[in-house]
Every structure is written in structure tokens, then in C-alpha cells.
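All values reported here derive from a predicted model rather than from experimental measurement. Below, read A as the first sequence line, B as the second, and so on, with proteins coming before strands; counting in each chain starts at 1.
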There are 2 protein chains.
Amino acid sequence: MGITKTQMFSEKQNDLAQFFKVLGHPARVAILQYISNQNACICNDLVEEIGLAQATISQHLKELKSIGLLNGEVEGKSMCYCINVERWTTIQDQLNSFFNTTKSNCC
Amino acid sequence: MGITKTQMFSEKQNDLAQFFKVLGHPARVAILQYISNQNACICNDLVEEIGLAQATISQHLKELKSIGLLNGEVEGKSMCYCINVERWTTIQDQLNSFFNTTKSNCC
DNA sequence: TTTATATATTGCAATATTACGATAATATTT
DNA sequence: AAATATTATCGTAATATTGCAATATATAAA
């Protein structure tokens, strides 16, 4: 089938899985690392830096935006993408909470 | 295409993305949570508990094993799956390291 | 040994993801 | 206004993932 049966799971479980999923592609990991390494949050240098087509990068950026990890603002004719630190921290906390509570009862 | 161009990325980036990807499905999140909630690491109660077909659960377990998150051992005619706590902690550390280093330089 | 139970694997259908070229949309420069 | 540059979206092809029924495998019980 190829369709995930999300209705079987809690909203929390689906959200958590969604975060993990969005982070689960090396291009998106690389994009986040690159954005953070530039003190300024300059943008589609990403196309050159990463080496995927512009359309592809744009798609990956869209997915990162979809979970609120990136803010984008118009900068002349370019877009300036920037990590949303507050959201970043929230997601990190949620993932850690998952890791900590899940590990604790194990044999 | 549908094929991820892993050769463009570092081994670390690919590994990190792989961990995220395996965790990026609600059934696998639920499986880990259920295994951890049972003090004993009893197993395919999972089929009943989660409500997916036996073949599907078995596949998800295989993916969790593939990144070393689960240990399985034969228990009579059943399998007893168990979170590999050492591996669990290692992965948690790697994810946190990614989160911390990536967040720190942002505007 | 036969039967029953639990898990893994195989094969398949349906949907999702990845990637890119082409094109549209937007803003800047001339 | 026209030309240029940057990003987003659309359409499409190739591959991956999800899920299940059917089957294989392995162990336990009768």
C-alpha cells in the first residue's frame, strides 16, 4: 500500500514520528548544518553548497518549514532562511523526553 | 527518481539521517514505547496491541534492529525483544550533539 | 510424529518520496 | 519597460515505503 495508518496512533506519536521523518534525510540534515554554520542565515548558496538541483533544495526547505524548523524572510530578490531556535529547542525537548521515558523501563 | 543521493553527504550525515528515518514512523515509535512499558520485554502482543498485521510488525521490528536499537532473543516459541540501552543512549547522544551544535550558531 | 503457535520472509499492490527540468512568480537592475 | 536573478511550483519518472496475504521456518505441546 504505502500509506501509513496514522489513525491507529496518538497525535503525540504521529507528531514525534513526523519530526523524525523530516529530519530523516541527509540533504535536510546538511541544510540545517549549513544554515547554522553561516553566522548570517544566507540561503541558496545551498544549491551550490549541497549540489542538488534548485527545485530539489526548495522542496527540502519546504519540508523543514512544514514542522516550523525554519523561518524564511524575503531579502531583496533572495530568501533568507533561518533556524527557528525556539521551535528547535521545543522539538529537541520532545525528542529527549521520548528517549528518556522510553529508555527508563527497559530490561 | 525516489533515490536518495547519499554519496553527496558525509557518513555522519547519512548515519544521522538514517537514525531519524527509522524513528520516523508512528508504528515504530509505538513499538518502542510499548516494549519499554512492559518491565519484561515481552513481544508480539505487539500485533494485538498495535493493530497492524503480523507481517507488518515483523518488518518494523527488522528496521529497528537494523540500527541496533533492539535486541531479540528466542524465548520458547516466542521472541523477546528488548531495547539495547547502550545503543539507545549512544544514538540519543548523537542526536543531541547534532541539535546542540546546529542550534548554537543561528541568527 | 503430528499439531499448534509464533515469527520471518516473499510477493504484490497502493501510495509516498526523491529528484529534476520546465515554467511561473517575484523582485532587482538597467 | 525589459532584462536578469532568485525562488516556488508543476509535472513527471524512478525508486522506496507501507501493509497485507500467503507461505516458510522454528519451537512447543500433544
Could you state the [atom1]-[atom2] distance from [X] to [N], rounded to the nearest angstrom?
X        : N       : atom1 : atom2 : value
Ile57(B) : dT9(C)  : CD1   : C1'   : 16 Å
Leu64(B) : dT17(D) : CG    : P     : 14 Å
Phe20(A) : dT17(D) : CZ    : P     : 18 Å
Arg28(B) : dT17(D) : CZ    : P     : 9 Å

Using distance only, find each side-chain donor-acceptor pair of residues 67-75 of chain A under 3.5 Å and give its atom names and separation, not counting sequence neighbours.
none

key: Gln92(B)-Asn100(A) side chain donor-acceptor pair, cut-off 3.5 Å   =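 Per modelled atom types, Gln92(B) and Asn100(A) side chains form a pair under 3.5 Å.
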
ask   = Does the side chain of His60(B) get closer than 4.0 angstrom to OP1 or OP2 of dG19(D) through an N or O atom?
value =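 Answer yes for this pair, as a side-chain N or O of His60(B) is under 4.0 Å from OP1 or OP2.
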
ask   = Taking OP1 and OP2 of dA19(C), is either one under 4.0 Å from a side-chain nitrogen or oxygen of His25(A)?
value =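 Yes, His25(A) has a side-chain N/O under 4.0 Å of OP1/OP2 on dA19(C).
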
query = Counting any heavy atom closer than 4.0 Å, what does Leu52(A) reach on the DNA or RNA strands: base, sugar-phosphate only, or nothing?
reply =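 Counting heavy atoms under 4.0 Å across all strands, the contact made by Leu52(A) is with sugar-phosphate only.
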
ask   = Are the aromatic ring centres of Trp88(B) and Phe19(B) under 6.0 angstrom apart?
value =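 Not close enough - the centres of the two rings lie 6.0 Å or further apart.
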
key: Plane angle bin for Phe9(B) and His25(A) - parallel if under 30°, tilted between 30 and 60°, otherwise perpendicular   =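 Rings of His25(A) and Phe9(B): perpendicular, as their planes differ by over 60°.
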
request  = For the pair Phe98(B) and Phe20(B), name the ring-plane relationship: parallel under 30°, tilted 30 to 60°, perpendicular over 60°.
outcome  =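 Correct class here is perpendicular.
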
query = Should Leu61(B) and Leu46(B) count as side-chain neighbours, where that means a heavy-atom distance under 4.5 Å?
reply =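 Sidechains of Leu46(B) and Leu61(B): in contact.
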
request  = Measure the shortest side-chain to side-chain distance between Asn96(B) and Phe99(A) over non-hydrogen atoms and say whether it is less than 4.5 angstrom.
outcome  =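 With C-beta onward as the side chain, the pair stays apart.
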
inquiry  = What does the B/S/- profile of nucleotides 5-12 of chain D look like, 5' to 3', with a 4.0 Å heavy-atom cutoff to protein?
reply    = SSBBB---

query = What's the spacing between Thr4(B) OG1 and Gln18(B) CD if we round to 0.5 Å?
reply =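 Output value for this atom pair is 9.5 Å.
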
ask   = Can you list, by residue number, the residues of residues 68-76 of chain B that have a non-hydrogen atom closer than 4.0 angstrom to DNA chain C?
value =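 Those residues whose heavy atoms fall under 4.0 Å from DNA chain C, taken from residues 68-76 of chain B, amount to none.
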
query = Do you know which two heavy atoms are closest between Arg28(A) and Lys21(A), and how far apart they sit?
reply =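 Taking Arg28(A) first and Lys21(A) second, the nearest heavy atoms are NH2-O, 3.5 Å.
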
query = Where each residue is assigned the nucleotide of DNA chain C containing its nearest heavy atom, which of Lys5(B) and Ile3(A) is assigned the position nearer the 5′ end?
reply =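 Its nearest nucleotide being more 5', the pick is Ile3(A).
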
